[in-house]
Structures are given as structure tokens and as C-alpha cells.
2 protein chains.
Amino acid sequence: MDPKQDSDGFRPLDREGLVQRVARLLSKAIVTGQLSQGERLSESVVARQLGVSRAPVREAARLLENSGLVTYLPNRGFFVRSMSARELGNLYEFRLVIESAAVRRLIRDGLGESEAKLIGQIEEMRRVAGPGFDMLTQVEADMQFHRLICAGSGNPKFLNTFEQIAMESELTIMMIGRLYDDAQRLAETHVPILDALLRHDEAEAVEALRYHIEVARDLVVEQFRKMEDEQD
Amino acid sequence: MDPKQDSDGFRPLDREGLVQRVARLLSKAIVTGQLSQGERLSESVVARQLGVSRAPVREAARLLENSGLVTYLPNRGFFVRSMSARELGNLYEFRLVIESAAVRRLIRDGLGESEAKLIGQIEEMRRVAGPGFDMLTQVEADMQFHRLICAGSGNPKFLNTFEQIAMESELTIMMIGRLYDDAQRLAETHVPILDALLRHDEAEAVEALRYHIEVARDLVVEQFRKMEDEQD
DNA sequence: GATTTGGCGATTGTCGACAATTTACTTGAC
DNA sequence: GTCAAGTAAATTGTCGACAATCGCCAAATC
């Protein structure tokens, strides 16, 4: 009997716990806007709706708190995270710091197998950039590119931190609603980053990353401010 | 087991939740080495020892997981985090990235009330640097200086991220055991950081921070490697 | 004798109920 | 009519119990 090859595809069992399933449902509901920001997340209500007890719901909510999707107030409960324009700016500043560091290490250590992955991800982004694909798909393809950078950096802390704020970033983008028109253009601003990475040009890669993130930030913040004005 | 440990310098807020109290006790037990690394944290045992049920213990452990003090394996439970020399290096690299960014923003926005706090913290570090103070006090005074930098940066994400890895840093330092001899010297390497901050010299402040963190890293890693060799 | 398989003990996963706390409402006084 | 206090409803905080799962060890098989 030869044991199962533990190559790359080493996950035959999809048995994910109840907590993860609840967390995924909740996060999807939040990101897709089914739950509006500031809304209360009643443990009892969610538990009843999903047909489970409060315990796994509570743990799932705690997980989402780490991802910044919900906030928790003692003796008050969980609420869908609401973002101000200021917090949004802070989020993008933070992303720039983390990803810049990841880019530096990635270049210093050599890209390795990340090279092919990044190139492939650019292709993927172009593929889903056109109409016919929903925004969630486009956003996730975008995030995946940045995730690959952090994953390849060699320091797991960069990836961990990125994962924590990735959901938050998705949330803000989905909140905006229609970044759709600019999906194609935004996708192309990833190319200079990749080019610089392939040339092992550290300064240029960081600069391209800075430009890309600041463009995205300005786009999001601008739309966000418009929405705020409309609601006032 | 000691009945009461009310002697720590925190506010005895009765309004503090049971979860936080458990989390604090556990983290203290881990940092002070009462719980050795790799050791299992049985929910039932901890709950029985503290006279509470498993629910708050479980939540507290989840909190500690975010701080990197324990790791969680599905259907297996919680274990006290064990660190390799490699992870330790990654931790300090990460700290350098976060704190450098915080320093830059701190200078750009102006120090404000952080100035007095930082100066006062240097005094505090000198006060507890000598003999007669236990290492935990010295380490916490050190961490508080860095915490103040992140707190004053204007971007709460820097502080949040710092808090997540602060415990982890304390853990590694306490693991080493006796950084004691160098407490005085290490304390003084904070001074150049403060000086540069007061002069609003961004480049110099970052450089001083880099030097300080790398000195600390080398000290810890070196001692850590010695310990590893002894155990082999 | 080595490997597999079945059962046993222990631990985590989940649940429903009760206690503590907060919020909203009602009632009363000014 | 407004504000305050008291009370009731709803929600979170905590608990003990039961079910599902994992690791270990002995027995059985080749």
C-alpha cells in the first residue's frame, strides 16, 4: 500500500468545521451587502436562521472580528463593521506598508515559483475584467495577485497580516458597488509591478506598487465620499 | 498554585469580562514560563483550575491565538506556541516594518503629546533597568516605548498589529530567560530613536529604530541558538 | 514479527438552559 | 410637556451535559 502522495494537492477531506462554514456564510453575506453596515448581528437570530446553536455562531463572529468585518462591543454584541473615509485611508496606508515590505523580500530572496503564479494571475485578471463577470470575481482576482506577493515573501507574517485585512479591503470595495467600469484599467496597473519584479528592480517595484495602491485608494475613497454625500 | 495575583499593575476593574481575566492569567502563565512551550492547554483542566466553565476559557484561548501565544489544531485543542529561530527572525523583521512605518507617520504628523510620553518612558526604563526589578517589568517597560510609537502614529492599524505581536515578542524574550545583564545597555539604545524623533529627522529615526531592533534581534536569536544547542 | 483493525479513554464540538446585563418602555412627578 | 426613575423585555454571559472525534493500545490477521 503506497501512502497518499503528499504533493501539492494534499487535501482529500473537505471536512471543514461548522464554525468555518458559518464564518464563510456570514462573511459572504457582509461582503455582498446582504447585511448593511452598522447592522446588529444577533447571535440568537443567526443561530436560529442557520439551524445551529449560538456557540458556533459566536466563535465564527469572533473570527470575523479578526478579519475586521465585524466589531464586538462587550455586553452589546456583534455589529457589521462600518467604515469612515478616514479608516479607509488608514487601511490602504497599512496595505502599502505590508505589501512594500513583502515586495522587497520577494525580490531579495528571488521570485522562485512565485514568478509563474504572478504571471498567471495577471492573465486571470484580464480574463475576468470584461463584462459578464460579477464584481466579486474581479475583486477576488485582484486580491489574489496581492496575496501571491505576500505569500511568496518568505515571511508568513506578511501573509497572515494580509489575510486579516484582505476581507476588510474586499468589504470596502464591494461597498462602493461599481468599481466595475474601471476594472480593466485597474487590472493593467498591476503590470508595472510584475515587470519590475521580473527585472528584480526593488525601487521600481515598490514605486509601482505605491502607485497602484494609491490609485485604488483614491478611486475607492472618491466613490465613498460621493456615497456619503448622497446619504446626507 | 498561588491563590491571588492581584499585584500586577493593572486597574482592578470588576467590569472587566471574565474572558479577559482568563486571557490575562493564561498569557502571564505562558510569558513567565509556568507553561512550557508545546504544552497542551486542556480546556477542562484550565476551567477546573480557575473555577469557571469551558466557554470563557475557550474564548480566551482564541484571543491568545490571535496574539500568537497559542496555536489551535482542529479537534485537538490549544497548545502553547513553540518558536523556531527562523520564526523569531521573521517576527523581528515584521516588527521593524510596522514600527518604521509608525515612526514615519509620527514624524510627519508631529509628535504632539507623544513627545512627553516617550521622554517619560525612557525615564521609566532607566528606573527599572537596574537590579531589584524582575525581567518582566523591564521587558514591559521596553515594549511600552514601542507601543507609544505605534499608538501615536495616527493609524490605529499600526497599534493593533503591534499589540498582536507584542505578546509574542515578550514570549520570545522571556524564553531566553536572562537578557537581564544587558537591560541597561538595551535601554540606552532607545535614546537615539527619541533624539531623532525630537529633531523630526525621519531618516535618522528609522535608522536608529532599525539598529535598535536588530541589536535586540541578534541578542535574542543568539541566546536562543545557544539554548537550542544545549538541548540537543 | 509487523501491520491492520477494533474498541476504549480522553478531549473537543455542540447544544439548550439559566444568570447577568443592557435596552426600551412605561409610569410617575415636577 | 419634559425628565427621571422603575420595570419589563430582549440580548449577551456563563454554565453543565451530551455527542462527535481523535489518539492510544490491545487483539487479531497475514
Side-chain angles (χ1 to χ4, degrees), chain A residues 1-6 10-27 29-30 35-67 69-82, chain B residues 10-27 29-30 35-67 69-82:
Chain A
M1 306 270 186
D2 51 0
K4 295 167 187 171
Q5 293 181 350
D6 41 312
F10 50 79
R11 229 164 274 173
L13 288 181
D14 281 4
R15 282 187 36 214
E16 66 174 352
L18 186 54
V19 172
Q20 277 91 17
R21 229 179 308 171
V22 174
R24 176 170 314 186
L25 283 177
L26 280 180
S27 64
I30 294 176
L35 276 60
S36 50
Q37 63 175 17
E39 188 173 339
R40 180 194 206 97
L41 270 190
S42 172
E43 298 177 8
S44 332
V45 172
V46 174
R48 204 162 22 235
Q49 285 179 343
L50 297 181
V52 298
S53 89
R54 278 173 50 210
V57 173
R58 197 177 168 83
E59 280 203 35
R62 272 259 145 86
L63 284 183
L64 264 59
E65 189 194 8
N66 299 343
S67 305
L69 260 59
V70 304
T71 56
Y72 167 75
L73 291 85
N75 294 319
R76 298 280 313 278
F78 296 92
F79 296 83
V80 177
R81 170 84 179 275
S82 63
Chain B
F10 276 92
R11 297 173 182 174
L13 274 185
D14 278 353
R15 305 295 290 170
E16 186 181 28
L18 185 55
V19 171
Q20 277 90 17
R21 231 180 307 171
V22 173
R24 180 171 315 183
L25 285 178
L26 279 180
S27 64
I30 294 176
L35 276 60
S36 50
Q37 64 176 18
E39 188 173 336
R40 182 195 205 97
L41 269 190
S42 171
E43 298 176 7
S44 332
V45 172
V46 174
R48 204 165 19 239
Q49 284 179 345
L50 297 181
V52 298
S53 90
R54 277 175 50 209
V57 173
R58 196 178 170 83
E59 283 202 34
R62 271 263 147 84
L63 284 184
L64 264 58
E65 188 193 8
N66 298 343
S67 305
L69 260 60
V70 304
T71 56
Y72 167 75
L73 290 83
N75 294 320
R76 295 284 313 279
F78 296 92
F79 297 82
V80 178
R81 170 87 179 273
S82 62

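Convention: sequence-line order gives letters A, B, ...; per-chain numbering from 1. Owing to the predicted nature of the structure, the values given are computational and were not obtained by experimental measurement.
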Asks: For the side chain of B/Arg58 and the backbone of B/Ser53, is there at least one donor-acceptor N/O pair under 3.5 Å apart?
Replies: no

Asks: Would you say C/dG13 has OP1 or OP2 under 4.0 Å from some side-chain N or O of B/Arg58?
Replies: yes

Asks: Taking N and O atoms by type only, does the side chain of B/Arg54 place a donor or acceptor under 3.5 Å from a partner on the base of C/dG13?
Replies: yes

Asks: Between P on D/dG13 and CG on B/Leu50, what's the gap in Å once rounded to a whole number?
Replies: 19 Å

Asks: If I take atom CZ in residue A/Phe79 and atom P in nucleotide C/dT22, what distance separates them, rounded to the nearest angstrom?
Replies: 13 Å

Asks: Return the value, rounded to whole Å, for the distance between atom CG of A/Asn75 and atom P of D/dA10.
Replies: 19 Å

Asks: Pick base, sugar-phosphate or nothing for B/Leu73, based on heavy-atom distances below 4.0 Å to the nucleic acid.
Replies: nothing

Asks: Are the side chain of A/Arg40 and the backbone of A/Arg76 linked by a donor-acceptor contact shorter than 3.5 Å?
Replies: yes

Asks: Could you please name the option among C/dT12, D/dT12, D/dC15 that lies closest to any side-chain atom of A/Arg40?
Replies: D/dT12

Asks: Just one of A/Leu18, A/Val46, A/Val45 clears the side chain to side chain contact (heavy atoms under 4.5 Å, CB included) bar with A/Val57, so which one?
Replies: A/Val46

Asks: When the distance from CZ of A/Arg48 to P of C/dC15 is rounded to whole Å, what number comes out?
Replies: 14 Å

Asks: For the CG atom of B/Leu26 and the CG atom of B/Leu35, what is their distance to the nearest 0.5 Å?
Replies: 7.5 Å

Asks: What are the two closest non-hydrogen atoms of B/Phe79 and B/Gly38, and how far apart are they?
Replies: CD2-O, 3.7 Å

Asks: Please determine whether a side-chain nitrogen or oxygen atom of B/Arg76 lies at a distance below 4.0 Å from atom OP1 or OP2 of D/dG23.
Replies: yes

Asks: Using whole Å, what does the distance between atom C1' of nucleotide D/dT12 and atom CD of A/Glu59 come to?
Replies: 16 Å

Asks: Have a look at B/Tyr72 and say if it touches a base, only the backbone sugar-phosphate, or nothing, with a 4.0 Å heavy-atom cut-off.
Replies: sugar-phosphate

Asks: Which one, D/dG13, C/dT14, C/dG13, comes nearest to the side chain of B/Glu43?
Replies: C/dG13

Asks: Hey, which sits more toward the 5' end of DNA chain C by its nearest nucleotide, B/Phe78 or A/Ser53?
Replies: B/Phe78

Asks: B/Arg62 CZ to D/dG13 P: how many Å, rounded?
Replies: 16 Å

Asks: OP1 or OP2 of D/dT12 versus the side-chain N and O atoms of A/Ser42: is any pair under 4.0 Å?
Replies: yes

Asks: Which comes earlier along DNA chain C counting from the 5' end, the contact point of A/Ala55 or that of B/Val45, where each point is its nearest nucleotide?
Replies: B/Val45

